[in-house]
Amino acid sequence: MRTREGTLEGGRILTVADEWTVIARVRSGEREAYAELVRAHTGIALRVAVACGAGADAEDVVQSAFIKAYLSLGSFKDGASFRPWLIRIVANETRNTVRSAVRLRAVAGREAALSRGEPLIPESADPVVAAMEEERSAELWAALDELSDDHRDVVACRYLLEMSEAETAETLGWPRGTVKSRLSRALKLMGGLLAPGSEWEPGPEKGGGDGHG
């Protein structure tokens, strides 16, 4: 849970300063202190994984992301907020997991089709629609991957996690005007990356930015 001051963890508020106290303890060799960060951010990490399509693998993805974050604490920027950094790691880990699963399913499907001598298409499915949906999803992820970290993060918060503008600003540590302007820029960039004829309408944004793109 987020508050105006920080993250609610174990019945108390874990501020950015508190996070850095924990990180300093971990860096000094008190590895068990990392559990405080895990408890504070497991909820949002699971939300990110589910929003990004992890499905039943969400808990495994989150566990892997926390391990990667722990191993990378030595390079974590001093004074930065842990939450948005973790969100990026979870999102990347989810994308890698989903893509690997898609590739495995595709290979298994081709092998099964060859062994059976007939296409494995559910009777209730429209193969054209299914193919178009898969292609559209892959295209959107590819476009998202082309964005800078800031632009990718703001799109993920607003549309994958369905956070409000205020929640996004709090999560990323930006003024609300910056959220507006970077989101507008990110959507324009994604529109330019998508193939002609592709449709993606995330919804209108109300209000203008503050010029911090």
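Side-chain contact between Ile23 and Leu37: present, with at least one pair of heavy atoms (C-beta onward) separated by less than 4.5 Å. Asn92 has its side chain within reach of Arg95: a pair of non-hydrogen atoms, C-beta onward, lies under 4.5 Å apart. Side-chain contact between Val16 and Phe82 is absent, with no heavy-atom pair separated by less than 4.5 Å. Considering only heavy atoms from C-beta on, Lys188 comes within 4.5 Å of Ser184 through its side chain.
Annotation: the span from Glu165 atom CD to Cys157 atom SG amounts to 12.0 Å, rounded to 0.5 Å. With rounding to the nearest 0.5 angstrom, the CG atom of Leu147 is 6.5 Å from the CG atom of Leu193. In this structure, CG in Leu71 is found 9.5 Å from CD1 in Ile89, a value given to the nearest 0.5 Å. The structure places CH2 of Trp85 at 13.5 Å from NZ of Lys77, a figure rounded to the nearest 0.5 Å. Atoms CE and NE2, on Met190 and His151 in that order, are 12.0 Å from each other to the nearest 0.5 Å. Note: Tyr70 OH to Phe76 CZ = 15.5 Å, rounded to the nearest 0.5 Å.
Checked for salt-bridge contact, Glu93 and Lys68 meet the test: a charged N lies under 4.0 Å from a carboxylate O. A salt bridge between Arg27 and Asp78 is present, with a side-chain N of the basic residue lying under 4.0 Å from a carboxylate O of the acidic one. The pair Glu19-Arg83 fails the salt-bridge criterion, with no side-chain N (NZ, NE, NH1 or NH2) lying under 4.0 Å from an Asp/Glu carboxylate O.
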- Message: Set out, in order, the CA-CA distance, both residues' side-chain angles and the distance that settles side chain to side chain contact (heavy atoms under 4.5 Å, CB included) for His41 and Ile44, then state yes or no.
- Response: CA-CA 6 Å; His41 298 286; Ile44 183 62; 4.2 Å; yes

- Task: Begin with the C-alpha distance, continue with both residues' side-chain angles, and end with the deciding distance and a verdict on salt bridge (Lys or Arg N to Asp or Glu O under 4.0 Å) for Glu36 and Arg25.
- Result: CA-CA 11 Å; Glu36 295 185 37; Arg25 288 163 58 194; 2.9 Å; yes

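With Ser72 contributing its side chain and Ala69 its backbone, the two residues share no donor-acceptor pair below 3.5 Å. Between the side chain of Arg88 and the main chain of Asp153, no donor-acceptor pair closer than 3.5 Å is present. Side chain of Ser64 to backbone of Val61: no donor-acceptor contact under 3.5 angstrom is found. Side-chain atoms of Tyr34 come within 3.5 Å of backbone atoms of Phe66 as a donor-acceptor pair (strictly under, hydrogens ignored). No donor-acceptor distance shorter than 3.5 angstrom exists from the side chain of Trp174 to the backbone of Arg182, with no hydrogens or angles considered. Side-chain N or O atoms of Thr42 include one that pairs as donor or acceptor with a backbone N or O of Val38 at under 3.5 Å. At least one donor-acceptor pair closer than 3.5 Å links the side chain of Glu167 to the backbone N or O of Ser164. Remark: side-chain polar atoms of Arg158 are paired, donor with acceptor, to backbone N or O of Met163 under 3.5 angstrom.
Ala91 and Val48 get closest at one heavy-atom pair: N-CG1, 3.9 Å. Counting all heavy atoms, side chain and backbone alike, Val179 lies closest to Ala169 at CG2-CA, 3.6 Å. Annotation for Ala45 and Val90: closest pair O-CG1, 3.5 Å, computed over non-hydrogen atoms.
Defined by atom type and a distance below 3.5 Å, a donor-acceptor pair is present between the side-chain atoms of Thr15 and Asp18.
No more than 12 heavy atoms of other residues, nucleotides or ligands sit less than 6.0 Å from atom CD of Glu59.
The hydrophobic clustering, which links ILVMFWY residues whose side-chain heavy atoms are closer than 4.5 Å, places Leu73 and Val22 together.
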